[in-house]
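Report on one structure; see the data block that follows.
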Amino acid sequence: MVDRDFTKTLLLEVLRAAGTGNAQCADCGTPDPEWASYKLGIFICLNCSGIHRKLPEINRVKSIHLDFWENDLVEFMKTHGNLCAKAKYEAKVPPFYYIPHSKDCLVLKEQWIRAKYEREEFVATSVCHATGSSASAGSREGFLWKRGRDSRQFLKRQFLLSATEGVLKYYTKESKGPKAVISIKDLNAMFQTEKIRNPHGLQITYSKEGQTRNLFVYHESGKEIVDWFNAIRAARFHYLRTTFPTAPEAELIPKITRNYFKEGYMEKTGPKHKEAFKKRWFSLDSQERNLFYFKDPLDAFELGRVFIGSKEQGYEVQAGLPRGVTGKRWKAGLTIVTPHRKFVFVCENDSEQKEWIAALNEVISQPLTA
């Protein structure tokens, strides 16, 4: 009879073995994975194991600690492992393709896992379009559901992306030409499933007449919306590589797209600190060093922004409010000190205040780049 404790000990040795990559989830990088696929020979986290369970034709998963492992399965795991699987299933991941992390939304993780193991898009023998040039991969046409600028309705709109032309366009039924022509230079995209309240919700931002313009879109198909996201990334990568031909690839990749560093509600007052505090939705873009504010999270246009410079330029964030200034509903204040004025805010509670101060301090501590 097989000794359960003995096989479990052997499996844990495989999990902890140096040079295997097994100590982190094979798909999202979460440390200390507690599940494993005994068909693929990989160690994965709880969240990714749920996605793998949806693919029974190519996968089988077990708990490392709760399930029984036969000797032959342990031996299989020993001769495979995460780095071995990556060498096969991630052999040709394009540099622009977004590889999700542990905190990313479910649709990104699911489509990454399906692309790797179900569709085998990145194996060395694949001829999938995703492994093509960034210019060809950055061209796409199709329909997305877009939230109306002045309404809460999502309407079907045609979108056209062209990396070679350097633009993203979208059309309405009423417009003869494109409703908007957006330069890829100013384009960004990020998944915002909670804010948009859709598991496939994508926020596209760009600059229009000095203001940030937001488009909120989704598609019923998880694959389609992730393909759009990676097509935008491919177009952005093509633009960056063309514009900065001598820059190393590792320097360009973080600039392809970015998530907001922190978002949430605060209340703000005016420059004289005598006006009533008004509740606003704030989005901190750490790369562009801007703190945007909106009346509502799904507003099409910003109401304004605060540039967050560096400590060397005299910027700092302080806990609390200037003397004589008090919030009405919320009391956890913070003050952004700039060379020209003080910006005053209040947060709903101490926890939010600490999170905002930490996020702002991280931006301030980074020196400005040319």
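Residue numbers run from 1 in the order of the sequence given.
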* **Step-by-step side-chain contact (heavy atoms from CB on, under 4.5 Å) determination, Lys223 to Arg119** => CA-CA 11 Å; Lys223 180 180 183 301; Arg119 301 191 291 270; 3.7 Å; yes
* Should Asp350 and Lys354 be marked as a salt bridge (Lys or Arg N to Asp or Glu O under 4.0 Å) after you check the CA-CA gap, both sets of side-chain angles, and the distance that decides it? -> CA-CA 6 Å; Asp350 292 343; Lys354 289 176 182 176; over 6 Å; no
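When all heavy atoms are compared, the tightest approach of Trp69 to Ala36 is CH2-CB, 3.7 Å. What you find for Arg53 and Trp35 is that their closest heavy atoms are NH2-CZ3, 2.7 Å. The two residues Phe282 and Arg280 make their nearest non-hydrogen contact at CD1-O, 3.4 Å. Pairing each heavy atom of Ile357 with each of Val317, the nearest pair is O-CG1, 3.9 Å. Pairing each heavy atom of Ile64 with each of Pro33, the nearest pair is CD1-O, 3.4 Å.
Using a 4.5 Å heavy-atom threshold, the side chains of Leu161 and Ile184 count as touching. With contacts defined as side-chain heavy-atom distances shorter than 4.5 Å, the pair Trp228/Arg140 qualifies. Side-chain atoms of Ile58 and Lys39, non-hydrogen and from C-beta on, never get closer than 4.5 Å to each other. The side-chain heavy atoms of Leu144 and Phe154, taken from C-beta on, include no pair separated by under 4.5 Å. Here the side chains of Gln158 and Glu141 are in contact, with some heavy-atom distance below 4.5 Å. With contacts defined as side-chain heavy-atom distances shorter than 4.5 Å, the pair Leu334/Met266 qualifies. Contact of the Phe229 side chain with the Gln111 side chain is not registered, since no non-hydrogen atoms from C-beta on lie closer than 4.5 Å. No side-chain heavy atom of Ser102 sits under 4.5 Å from any side-chain heavy atom of Cys45.
Here the side chain of Arg258 pairs no donor or acceptor atom with the backbone of Asp285 at under 3.5 angstrom.
By the 30° and 60° cut-offs, the orientation of the rings of His101 relative to Tyr98 is perpendicular. Taking the six-membered ring for Trp and thresholds of 30 and 60 degrees, Phe96 and Phe237 have ring planes inclined between 30 and 60 degrees apart.
Residue Glu312 places its CD atom among more than 12 non-hydrogen atoms of other residues, nucleotides or ligands, all under 6.0 Å distant. Surrounding CD of Gln313 are more than 12 heavy atoms belonging to other residues, nucleotides or ligands, all under 6.0 Å away. Residue Lys78 places its NZ atom among 12 or fewer non-hydrogen atoms of other residues, nucleotides or ligands, all under 6.0 Å distant. Enclosure of atom CZ in Arg197 is not indicated, since only 12 or fewer non-hydrogen atoms of other residues, nucleotides or ligands lie within 6.0 angstrom.
Just one residue in the list Lys328, Arg329, Lys331 forms a salt bridge (Lys or Arg N to Asp or Glu O under 4.0 Å) with Glu267, and that residue is Arg329.
Using a 4.0 Å cut-off between charged nitrogen and carboxylate oxygen, Glu90 and Lys116 count as a salt-bridge pair. A salt bridge links Glu352 to Lys262: one of the charged nitrogens lies within less than 4.0 Å of a carboxylate oxygen. Look at Glu110 and Lys54 and you find a salt bridge, because one of the NZ, NE, NH1 or NH2 atoms lies within 4.0 Å of a carboxylate O, short of that distance.
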Could you tabulate the donor-acceptor pairs under 3.5 Å formed by side-chain atoms of residues 202-212, not counting sequence neighbours?
unit_1, atom_1, unit_2, atom_2, d
Gln203, OE1, Gln192, NE2, 3.2
Gln203, OE1, Lys195, NZ, 3.0
Gln203, NE2, Asn214, OD1, 3.1
Gln211, NE2, Glu302, O, 3.0
Thr212, OG1, Glu302, OE2, 3.2

Side chains of residues 244-256: which donor-acceptor pairs under 3.5 Å do they make with residues two or more places apart or in other chains?
none

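In the model, Asn59 has a side-chain atom that pairs as donor or acceptor with a side-chain atom of Ser37 under 3.5 Å. Side chain to side chain, Gln318 and Thr335 fail the donor-acceptor criterion of an N or O pair below 3.5 Å. For the residue pair Asp27/His52, the side-chain donor-acceptor check at 3.5 Å is satisfied.
A cation-pi contact links Arg213 to Phe301, judged by a cut-off of 6.0 Å to the six-membered ring centre and 45° from its axis. Phe122 does not carry Lys92 over the face of its six-membered ring by the limits of under 6.0 Å from the centre and within 45° of the normal. Cation-pi geometry between Lys179 and Tyr171 is not met: the NZ or CZ atom fails to fall both under 6.0 Å from the ring centre and inside 45° of the normal. Seen from the ring of Phe343, Arg341 counts as a face-on cation partner, given the 6.0 Å and 45° thresholds. Annotation: cation-pi pair Lys279/Tyr265 present, NZ/CZ under 6.0 Å from the ring centroid and within 45° of its normal.
Between the NE2 atom of His273 and the NZ atom of Lys268 there is a distance of 9.0 Å, given to the nearest 0.5 Å. Rounding to the nearest 0.5 Å places CD1 of Ile364 at 9.0 Å from OG of Ser310. Taking CH2 from Trp145 and OH from Tyr218, the interatomic distance works out to 5.5 Å, rounded to the nearest 0.5 Å.
The cluster map of Ile, Leu, Val, Met, Phe, Trp and Tyr, joined by side-chain heavy atoms under 4.5 Å apart, puts Phe261 and Leu360 in the same cluster.
Counting only residues at least two apart or on different chains, no ring-ring contact (aromatic ring centres under 6.0 Å, His included) pair has a member in residues 314-340.
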